[in-house]
Novice: 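The structure follows.
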Amino acid sequence: MSKTWLIVDNSNLIYRAAYANSSLTTSKGKFSGHIFGSVASLLAVLRNELKGLEVEIIFCYDGKDSKSFRRTILPEYKANREVRDLNPIPEATEVLKLWPGLQIVQEDKEGDDAMAYAVKMLKGQSCVIFTGDKDLWQLLQYPNCRVLSPNLKRFVEPADIYDAYHLQNASERIPLAKALFGDASDGIRGVERLIKKQVEPILNSEGVLTPEDFYNKLGTEQPDFISDKMWQKLLDCKEKVFKNYLVILPQLEFQKSSITKVGKESLSLLKQKLVEFECFSLIGQVDLL
C-alpha cells in the first residue's frame with residue numbers, strides 16, 4: 001500500500017481546538033482544551049477520512065520571525081491580529097512535537113510556506129492538506145493533493161473555490177484572486193469594493209496566472225462588463241495588486257535542517273503529556289498509532 005502524507009497546519013489546528021474547547025480544564029483549573037482538541041482532531045481524521053490508509057504526518061509550524069519578509073513588502077501584513085489573553089500555541093506545540101512523523105519549521109517562514117514546501121518535497125506522492133485556511137486551496141493545483149477542511153467538514157471541491165474566488169476550477173489562480181480581492185484577516189487590502197463577478201471573465205481567461213497577465217488581458221480599453229468607477233480603481237490599484245501578490249505567494253526556500261523526524265519512541269512521552277492535561281480518553285487511541 002502506498003503511503004499518504006497528512007500535512008497539518010499547526011496554528012490553524014491549535015487555535016481552532018482552543019476555541020472549540022474553551023471551557024475545558026483539568027481538575028486543578030489548568031486550561032486543556034487546546035491539547036485535547038488538537039490531538040482529538042488528528043485522531044478523528046485518521047479514524048474517519050483516512051481510515052485504512054498508511055498515513056505519515058507532517059506538522060508545519062510558524063517560525064519565530066516568520067512575518068518579517070512579507071512585512072518588508074507590506075508593513076501592515078497581519079498587524080491587525082488580536083492579542084489573546086492566552087496563547088495556546090506553545091503548550092500545544094510541545095505536545096504535537098512528540099507525535100511520530102516529520103516536523104517542518106524555519107525561523108523566517110510561516111506554516112503556510114512549510115506546507116507548500118512539503119508538497120514540493122513529496123514530488124507527486126499522495127497528500128492531504130489539513131487546514132481551515134482558504135489560502136492553501138491553491139495547493140489543489142497539484143493532482144496528488146487534496147484539502148480536508150475542518151470548517152467544511154469534508155474535502156474541498158471545485159464549487160468551493162468558485163464560491164470563494166469566482167475561479168472555475170483554477171486553484172493555481174488563488175494568489176492572483178486574493179491579490180485583487182484582498183484579505184482583511186491578513187491585513188491585505190485589495191481593490192476597494194471590487195465586485196468579483198465583474199472581473200471573473202478576465203480571471204478565468206486562458207493564460208492568466210499573475211497580476212502581469214491580468215493587466216495585460218485587461219488591456220488599455222475599458223471592457224463593457226466593467227463599470228467606469230471600477231475600471232479606474234483597477235488602474236489606480238495596479239501597484240498595490242502586484243505587492244499583494246508577492247506577499248501571498250508561498251516562500252519555498254527551506255534548509256534541510258528545518259526538517260526533523262520524530263520516531264514512535266516518542267509515543268510514551270506523548271501519552272505522559274496527555275495524562276498531565278487529563279486527556280485520559282485519548283490515550284487508548286494513541287496506543288493504536
Side-chain angles (χ1 to χ4, degrees), residues 69-70 73-74 76-77 110 112-113 115-117 119-120 122-124 127 129 131-149 151-152 154-253:
F69 168 74
R70 289 178 168 91
I73 302 171
L74 198 67
E76 59 269 32
Y77 177 69
E110 295 190 68
D112 286 12
D113 298 322
M115 297 180 80
Y117 173 73
V119 172
K120 176 184 176 183
L122 292 174
K123 297 180 179 178
C127 59
I129 315 295
T131 181
D133 187 347
K134 292 179 181 178
D135 290 4
L136 289 161
W137 293 3
Q138 65 184 282
L139 296 176
L140 288 170
Q141 66 186 280
Y142 303 107
N144 60 308
C145 288
R146 294 183 292 165
V147 175
L148 178 59
S149 168
N151 300 338
L152 297 173
R154 57 172 171 78
F155 288 99
V156 175
E157 300 172 355
D160 301 315
I161 296 172
Y162 181 80
D163 289 343
Y165 300 105
H166 278 239
L167 295 172
Q168 296 171 355
N169 201 21
S171 52
E172 69 276 10
R173 304 183 193 195
I174 287 177
L176 170 59
K178 186 175 174 181
L180 286 162
F181 304 143
D183 186 335
S185 66
D186 285 349
I188 298 174
R189 296 177 60 188
V191 180
E192 186 181 2
R193 297 184 181 180
L194 175 59
I195 299 171
K196 295 176 183 178
K197 205 161 187 66
Q198 282 196 15
V199 293
E200 181 180 342
I202 299 175
L203 269 178
N204 289 289
S205 294
E206 185 177 354
V208 174
L209 295 172
T210 68
E212 184 177 6
D213 297 332
F214 177 86
Y215 278 96
N216 285 341
K217 188 69 176 180
L218 186 65
T220 56
E221 294 187 12
Q222 180 182 342
D224 294 338
F225 53 84
I226 296 180
S227 67
D228 294 346
K229 191 173 183 179
M230 191 54 62
W231 168 255
Q232 192 57 51
K233 281 185 179 181
L234 283 167
L235 297 180
D236 292 342
C237 291
K238 183 175 181 178
E239 183 179 351
K240 180 198 293 186
V241 171
F242 273 74
K243 281 187 177 181
N244 289 349
Y245 185 74
L246 291 177
V247 166
I248 294 161
L249 282 180
Q251 300 297 308
L252 299 176
E253 299 78 20

Novice: Check the pair Asp186, Val247 against side chain to side chain contact (heavy atoms under 4.5 Å, CB included), reporting the backbone distance first and the verdict last.
Specialist: CA-CA 10 Å; Asp186 285 349; Val247 166; over 6 Å; no
Novice: With rounding to the nearest 0.5 Å, note down the distance linking CG in Leu235 to OG1 in Thr220.
Specialist: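 Here the interatomic distance stands at 9.5 Å.
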Novice: Determine, step by step, whether Tyr215 and Val241 satisfy the side chain to side chain contact (heavy atoms under 4.5 Å, CB included) criterion, reporting the C-alpha distance in whole Å, the side-chain angles of both residues, the deciding distance to 0.1 Å, and the verdict.
Specialist: CA-CA 10 Å; Tyr215 278 96; Val241 171; 3.8 Å; yes
Novice: Looking at every non-hydrogen atom in both residues, tell me the closest pair between Leu152 and Ser149 and how far apart they are.
Specialist: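 Closest approach of Leu152 to Ser149, heavy atoms only: N-OG, 3.1 Å.
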Novice: Show every ring-ring contact (aromatic ring centres under 6.0 Å, His included) that has at least one partner inside residues 166-214, sequence neighbours left out.
Specialist: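 Pairs touching residues 166-214 that pass the test: Tyr162-His166.
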Novice: Hey, does the side chain of Ser205 reach the backbone of Val208 with a donor-acceptor pair shorter than 3.5 angstrom?
Specialist: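 Checking the backbone N and O of Val208 against the side chain of Ser205, no donor-acceptor pair under 3.5 Å is found.
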Novice: List the steps and the verdict of side chain to side chain contact (heavy atoms under 4.5 Å, CB included) for Phe225 and Glu200.
Specialist: CA-CA 10 Å; Phe225 53 84; Glu200 181 180 342; over 6 Å; no
Novice: Just how far is it from atom CD1 of Ile248 to atom OH of Tyr77, taken to the nearest 0.5 Å?
Specialist: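 Separation between the atoms: 9.0 Å.
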Novice: Would you find a donor on one side and an acceptor on the other, under 3.5 Å apart, between the side chain of Asp113 and the backbone of Gln251?
Specialist: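 Present.
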Novice: Would one find more than 12 heavy atoms of other residues, nucleotides or ligands at under 6.0 Å from atom NZ of Lys243?
Specialist: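 Atom NZ in Lys243 is not crowded, with 12 or fewer foreign heavy atoms closer than 6.0 Å.
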Novice: Check this for me, if you would: do Asp213 and Arg173 make a salt bridge, where the nitrogen-to-carboxylate-oxygen distance has to be below 4.0 angstrom?
Specialist: no
Novice: So that I can tick it off, tell me whether Glu110 and Arg70 are bridged by a salt bridge, with the cut-off set at under 4.0 angstrom between side-chain N and carboxylate O.
Specialist: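 Answer for the salt bridge query: yes.
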Novice: Can you name the nearest heavy-atom pair linking Cys145 to Val119, along with the distance?
Specialist: SG-CG1, 3.6 Å
Novice: Under 4.5 Å between any side-chain heavy atoms of Ser171 and Tyr142, yes or no?
Specialist: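 A side-chain contact is absent here, since even the closest heavy-atom pair is not under 4.5 Å.
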Novice: Where is the tightest heavy-atom contact between Trp231 and Pro223, given as atom of each residue plus distance?
Specialist: CZ3-CD, 3.6 Å
Novice: Atom CG in Asn244, atom SG in Cys237: separation rounded to 0.5 Å?
Specialist: 9.0 Å
Novice: Under a 4.5 Å cut-off applied to non-hydrogen side-chain atoms, are Asn144 and Cys127 in contact?
Specialist: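 In short, these two side chains touch, coming nearer than 4.5 Å.
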Novice: Would you compute the distance between atom CD1 of Ile129 and atom CG of Leu139 and round it to the nearest 0.5 angstrom?
Specialist: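 Separation between the atoms: 5.0 Å.
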Novice: Taking the side chain as every heavy atom from C-beta outward, state whether Pro250 and Lys120 have any pair of such atoms under 4.5 Å apart.
Specialist: no
Novice: Would you find more than 12 non-hydrogen atoms of other residues, nucleotides or ligands less than 6.0 Å from Arg189 atom CZ?
Specialist: no
Novice: Do Leu176 and Leu209 make a side-chain contact, defined as non-hydrogen atoms from C-beta onward lying under 4.5 Å apart?
Specialist: no
Novice: Rounded at 0.5 Å granularity, tell me how far CD in Gln198 sits from CZ in Arg193.
Specialist: 13.5 Å
Novice: Verify side chain to side chain contact (heavy atoms under 4.5 Å, CB included) between Phe242 and Glu212, making sure each step is shown before the conclusion.
Specialist: CA-CA 8 Å; Phe242 273 74; Glu212 184 177 6; 4.1 Å; yes
Novice: Can Asp183 and Lys134 be counted as an ion pair, charged N to O under 4.0 angstrom?
Specialist: no
Novice: If you round to the nearest 0.5 Å, how far is CG of Leu234 from CD of Gln222?
Specialist: 10.0 Å
Novice: Would you say Lys196's side chain and Ala164's backbone share a donor-acceptor pair under 3.5 angstrom?
Specialist: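 Looks like yes, one N/O pair under 3.5 Å.
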Novice: Quick one, Ile174 and Asp135 - any side-chain contact, counting heavy atoms below 4.5 Å?
Specialist: no
Novice: Among Gln232, Lys238, Lys233, which one satisfies side chain to side chain donor-acceptor pair (under 3.5 Å) with Asp236?
Specialist: Gln232
